[in-house]
Amino acid sequence: MTDAHDTWTAPVAEGPLDADIRVPGSKSITNRAYVLAALASAPTRVRTPLDSRDARLMLGAIYALGAHSQGSIGGYLVHPLGPGRVHPEETVRVELGNAGTVARFTPALAALGTGPALFDGDEAIRRRPIGPLLKALRGLGARIDDDRREAPPFTVHGEGGLRGGKVDLDSSASSQFLSALLLAGPSFQQGVTVRLVGGAVPSEPHIAMTAEMLRRFGATVDREGAEFHVAPTRLSCPEYIVEPDLSTAAPFVAAAVATGGTVRIAGWPQRTTQPGDWLRGLMPVLGATAELDEGGLTVTGSGTIPGVELDLHDVGELTPVIAALLCFAEGPSIISGVAHLRGHETDRLTALATELSSLGADVRETEDGLRITPAPLHGGKFHTYDDHRLVMAAAVLGLRVEGVEVENPETVGKTFPGFSEAWTSMLG
């Protein structure tokens, strides 16, 4: 494991790329599949899942709560939550690391079980929003102690089930709050009806992903405007195949654009709810082409990147890579709609403005995004704040800037262990 003070020198592209890439399974799909498998009525074989820190934390979390899993060819066989603990009075610890999906998707599972479960993790997870979700779970019958912190550490007291029913939810800080209630809803006695209040929910594609996966497991999901309903039912899905992670593919797509070359990404699905698929439509805006066929996606850059105005509200996780890429544009760019990124692994807007500007770009924060004015760039240390997406952004910058020293590159293991090796291999 690389020490937090170690760095990786992002390699420079010597010319237009011509490369073939295969990215690992989707983190968002993998962790949703593990949660649904834990709630199912029979074992589920999850194939081609992501193997990363976040995915292992999810497997560890559902194991702590009573859902055992075992490695199998190409994935894991996940068994449902057990009927109850042998010693229900003992507190189990659910390790969160800095995984938002684990912190938000598993408390409802603990409420369905028996006995207390303590949720805690890295220092960074204690700063990520979760209060609205805990409030909603209480409204559905859960007993949760958080000493009014509205953040980890907190304890969920499982009492063998959850009433469920109707609840109001402010999910403007994260779509994961809504997904958490919908994923567990089929296992509530009354199902769940969630009425959204507050600001707009970011990342609509992730909500669509949750609904589609619930249906694959046999649930009924209805939506009418700002109200979602999931009926109580027994979930079942003997086998679930995880798609490649299209957000993790973003830096490789950006590499084709940045170098004016061609990158082929194997296995890009013909139809998907993943936010990363939005990149296909972005390519013409950036002067590039994207062709999808049965083998995957082929992206070819033109060598010229225009300045653009982009609303990334629904695809906020792509912001770090796109912001880095736009530092090479011919004119100023504006990214908007992503105020919620201040509550991710780090405050991504402040981090991007600070780090990109430190290497020469003129990047300034706005109320809900970034204003990027290209300027001559130079090498230097790029701090990553324990954020995997910032490692990917730094790698994109390093394609055309010599001497970009990426701090703590191993933090990218959250979604893509072996990223730096794959990146270097792409460059030949």
Side-chain angles (χ1 to χ4, degrees), residues 31 34-41 57-69 78-123 125-171 173-174 176-194 230 232 234-235:
N31 277 0
Y34 287 156
V35 169
L36 289 168
L39 293 169
S41 57
L57 284 165
M58 183 62 85
L59 284 174
I62 63 174
Y63 175 81
L65 297 172
H68 295 237
S69 61
V78 181
H79 296 268
L81 294 168
R85 302 184 205 162
V86 176
H87 303 289
E89 71 283 354
E90 295 180 2
T91 300
V92 299
R93 179 185 171 92
V94 178
E95 176 59 46
L96 304 176
N98 190 20
T101 52
V102 181
R104 289 147 182 175
F105 292 174
T106 59
L109 275 62
L112 293 167
T114 56
L118 172 65
F119 291 75
D120 201 6
D122 298 353
E123 185 61 34
I125 200 70
R126 297 181 176 184
R127 298 190 294 269
R128 299 182 68 177
I130 197 171
L133 173 62
L134 300 184
K135 178 181 178 182
L137 285 171
R138 289 189 180 102
L140 295 168
R143 186 159 66 92
I144 303 171
D145 295 331
D146 65 352
D147 292 333
R148 299 184 178 180
R149 282 185 299 266
E150 297 188 342
F154 58 85
T155 299
V156 178
H157 297 271
E159 297 175 346
L162 206 58
R163 180 188 70 250
K166 295 184 178 181
V167 70
D168 288 348
L169 173 70
D170 182 349
S171 200
S174 173
Q176 290 177 359
F177 299 164
L178 174 58
S179 286
L181 298 182
L182 299 180
L183 288 168
S187 300
F188 299 163
Q189 294 162 13
Q190 301 175 17
V192 70
T193 298
V194 183
V230 180
R234 288 167 59 87
L235 299 175

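From a predicted model like this one, the values you see are computed outputs, not experimental measurements.
Between the CG atom in Leu169 and the NZ atom in Lys166 there is a gap of 16.0 Å [rounded to 0.5 Å]. How far CG of Leu178 is from CZ of Arg104: 12.5 Å, rounded to the nearest 0.5 Å. Note that the CG atom of Leu57 and the CG atom of Asn31 stand 8.5 Å from one another [nearest 0.5 Å]. A distance of 8.0 Å separates CZ of Arg127 from CG of Asn98, quoted to the nearest 0.5 Å. To the nearest 0.5 Å, atom CD of residue Glu150 and atom CD1 of residue Ile144 are 11.0 Å apart. Distance check: Leu118 CG to Thr155 OG1 gives 4.5 Å after rounding to the nearest 0.5 Å.
Judged by distance alone, the side chain of Ser41 and the main-chain N or O of Leu235 form a donor-acceptor pair under 3.5 Å. Listed for the Glu90 side chain is no donor-acceptor partner under 3.5 Å among the backbone atoms of Val92.
Between Gly100 and Arg128, the closest heavy-atom pair is N-NH1, 3.5 Å. Across all their heavy atoms, Val230 and Gly185 have their closest contact at CG1-C, 4.2 Å. Closest non-hydrogen pair, Ile130 versus Ala103, comes out as CD1-O, 3.2 Å. Closest non-hydrogen pair, Ala40 versus Pro80, comes out as O-CB, 3.0 Å. Heavy-atom minimum distance, Asp146 versus Arg138: OD1-NH2, 3.1 Å. The shortest heavy-atom contact between Pro116 and Pro88 is CD-O, 3.3 Å.
Residues Pro129 and Gln176 are not in side-chain contact: their nearest non-hydrogen atoms beyond the backbone lie 4.5 Å or more apart. With a 4.5 Å cut-off on side-chain heavy atoms, Leu39 and Leu112 count as touching. Taking 4.5 Å as the limit, every side-chain heavy atom of Phe188 sits out of range of all side-chain heavy atoms of Arg163. Between Leu137 and Leu181 the shortest side-chain heavy-atom distance falls below 4.5 Å.
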Open item on the list: As a quick check of understanding, evaluate salt bridge (charged side-chain N to carboxylate O under 4.0 Å, His left out) for Lys135 and Asp168, giving each step before the final call.
Closed with: CA-CA 9 Å; Lys135 178 181 178 182; Asp168 288 348; over 6 Å; no
Task: Step-by-step side-chain contact (heavy atoms from CB on, under 4.5 Å) determination, Phe105 to Ser179 - done: CA-CA 8 Å; Phe105 292 174; Ser179 286; 3.9 Å; yes
- [ ] Start with the C-alpha distance between Leu140 and Gln190, add both sets of side-chain angles, then the distance that settles side-chain contact (heavy atoms from CB on, under 4.5 Å), and finish with yes or no.
- [x] CA-CA 10 Å; Leu140 295 168; Gln190 301 175 17; over 6 Å; no
- [ ] Kindly indicate, with the supporting measurements, whether the criterion side-chain contact (heavy atoms from CB on, under 4.5 Å) is fulfilled by Val156 and Val94.
- [x] CA-CA 10 Å; Val156 178; Val94 178; over 6 Å; no
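The 12-atom threshold is exceeded at CZ of Arg149, counting heavy atoms of other residues, nucleotides or ligands nearer than 6.0 Å.
Under the 30°/60° scheme for interplanar angles, the aromatic rings of Phe154 and Phe119 are found to lie parallel.
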